[in-house]
Amino acid sequence: MTRSEPGAGAFTPVRGSFAVDGRDGRVGRVMGRVGPSVQLRPPGGGVEWDCPLDQVRPATPADVLRARLSEVNWEGQLPR
């Protein structure tokens with residue numbers, strides 16, 4: 001899910017995992033990284049936002065559970 005770079009102690013988000021924007025506590029799925037920013041997308045979809053790498057932190061198991069529940073609920077509202 002996530003990994004730390006050896007010796008750096010810094011969190012390095014892995015694409016597809018969940019992470020938390022430390023500036024406001026929003027949880028998002030990691031979509032990628034460009035320069036000093038990580039792109040996060042809200043659970044269930046929506047507009048991505050940039051978060052500085054030094055402000056991103058790993059999502060706790062509770063954060064991940066809430067995010068996955070949001071995705072499942074969002075998918076259930078899609079027209080069939």
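All figures in this text were calculated on a predicted structure; none of them were measured in a lab.
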Evaluate the side-chain contact (heavy atoms from CB on, under 4.5 Å) criterion for residues Asp63 and Phe18: first the C-alpha distance (whole Å), next the side-chain angles of each, then the deciding distance (0.1 Å), finally the verdict.
CA-CA 8 Å; Asp63 293 331; Phe18 287 101; over 6 Å; no
Please answer: with hydrophobic residues joined when any side-chain heavy atoms are less than 4.5 Å apart, are Met31 and Val38 in the same cluster?
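Different clusters.
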Given 3.5 Å as the limit, does a donor-acceptor pair link the side chain of Arg57 with the main chain of Ala59, or not?
no
[X] and [Y]: which non-hydrogen atoms are nearest, and at how many Å?
X: Pro13; Y: Val56; value: CG-CG1, 4.0 Å
X: Arg41; Y: Trp49; value: C-CZ3, 3.9 Å
X: Ala67; Y: Pro43; value: O-CB, 3.3 Å

To the nearest 0.5 Å, what is the distance between CG on Asp50 and CD on Gln55?
13.5 Å
Give, for atom OG1 of Thr12 and atom CG of Leu53, the distance between the pair rounded to the nearest 0.5 Å.
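Thr12 OG1 to Leu53 CG: 6.5 Å, rounded to 0.5 Å.
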Quick one: are Leu40 and Arg29 in side-chain contact, heavy atoms under 4.5 Å?
no
Quick check: do Arg23 and Cys51 have side-chain heavy atoms less than 4.5 Å from each other?
yes
Salt bridge (Lys or Arg N to Asp or Glu O under 4.0 Å) partners for Arg15, two or more places apart
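For Arg15, no residue satisfies salt bridge (Lys or Arg N to Asp or Glu O under 4.0 Å) once neighbours in sequence are set aside.
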